Amino acid sequence: MRILFVCLGNICRSPTVEAVARSEFARAGLRVEVASAGTADYHVGRGADPRSIRIAAAHGYDLAAHRARQFHAADFAAFDHVLAMDRANLRDLRRIAPAGAMPALFLDEAEVPDPYYGGDADFEDVIALARGGVEAWIARLRRSAEAGR
Ligand code: 4NP
């Protein structure tokens with residue numbers, strides 16, 4: 001199982017969700033590979049936003065090794081789930097999705113708001129939404145593993 005998280009810049013939201021997912025999936029005993037990408041190329045090759053690094057670290061998640069990369073259409077074939085942080089990201093993914101590819105929102109019917117022009121509280125919100133969303137995915141992956149047994 002491979003899951004790709006996608007935001008705009010791949011320096012704030014999707015790297016945070018990736019780190020939370022890697023940590024919580026492992027804690028839950030789920031073998032899932034995770035990665036992240038951005039629809040835009042603004043920050044390709046750069047590390048995560050320093051604010052994301054600092055606030056994630058305060059919650060025990062390590063973003064130090066992250067390097068931003070841009071989403072490519074080939075990612076649809078390489079991942080089982082391509083999960084967008086907000087509706088604009090989802091729209092951008094759908095625009096380049098090959099037939100049969102089904103990008104979705106990471107959160108059911110809700111968005112992870114872009115914290116880039118915000119303050120620490122907005123980055124804290126990303127952590128809380130990441131945790132809640134990852135917990136929901138853990139439950140979902142467990143249900144489908146049980147159904148397939
Ligand atoms: P992200 O946040 O999509 O969560 O990584 C952003 C990062 C950079 C920009 C916008 C959002 N930007 O406009 O450069």
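Each ligand, and each atom within it, is numbered from 1 in the order the structure gives. All heavy atoms count here, side chains included; hydrogens, waters and symmetry mates do not. Just so you know, these numbers come straight off a predicted model, no measurement behind them.
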Problem - Centroid-centroid under 6.0 Å between Phe71 and Phe76 rings - result: yes
Practice task
Within a distance under 4.0 Å of any heavy atom of Cys12, pick out the atoms of ligand 1 and give their elements.
Solution key: 1 (P), 2 (O), 4 (O), 5 (O)
Practice task
Take Asn89 and Asp92, measure what side chain to side chain donor-acceptor pair (under 3.5 Å) needs, and give me the verdict at the end.
Solution key: CA-CA 5 Å; Asn89 307 147; Asp92 290 339; 5.2 Å; no
Handout entry: Close side-chain approach of Val32 and Arg2, heavy atoms under 4.5 Å
Key = no
Handout entry: Met85 heavy atom under 4.0 Å from ligand 1
Key = no
Fill in the blank from the handout: Residue, atom and distance of the protein heavy atom nearest atom 13 (O) of ligand 1 read Tyr117 OH, 3.6 Å
Exercise for the section: May I ask you to check if ligand 1 and Ile11 share an N or O to N or O distance below 3.5 Å? Expected result: yes
Exercise for the section: Measure the spacing between CZ of Arg69 and CG of Asp41 and express it to the nearest 0.5 Å. Expected result: 13.5 Å
Practice task
For atom 9 (C) of ligand 1, find the nearest protein heavy atom and state the residue, atom name and distance (0.1 Å precision).
Solution key: Tyr116 CD2, 3.6 Å
Fill in the blank from the handout: min-distance protein heavy atom vs atom 1 (P) of ligand 1 -> Cys7 SG, 3.5 Å
Practice task
Provide, to 0.1 Å, the distance between atom 2 (O) of ligand 1 and the closest protein heavy atom, together with that atom's residue and name.
Solution key: Asp114 OD1, 3.3 Å
Exercise for the section: Give, for atom OG of Ser36 and atom CZ of Arg13, the distance between the pair rounded to the nearest 0.5 Å. Expected result: 11.5 Å
Problem - Side chain, backbone, both or neither: Asn10 near ligand 1, heavy atoms under 4.0 Å - result: backbone
Completion exercise
heavy-atom search around atom 14 (O) of ligand 1 in the protein gives His43 NE2, 2.8 Å
Handout entry: Heavy atoms from other residues, nucleotides or ligands near CG of Asp108 exceed 12 (cutoff 6.0 Å)
Key = no
Handout entry: Backbone or side-chain N or O of Arg13 under 3.5 Å from ligand 1 N or O
Key = yes
Handout entry: Contact check: Tyr42 vs ligand 1, nitrogen or oxygen atoms, below 3.5 angstrom
Key = no
Exercise for the section: Could you point out which residue of Arg22, Glu24, Glu18 forms a side-chain hydrogen bond (donor to acceptor under 3.5 Å, both in side chains) with Tyr61? Expected result: Glu24
Practice task
Give every residue pair that meets the ring pair (Phe, Tyr, Trp, His ring centres under 6.0 Å) criterion with at least one member in residues 5-24, sequence neighbours excluded.
Solution key: Phe5-Phe106
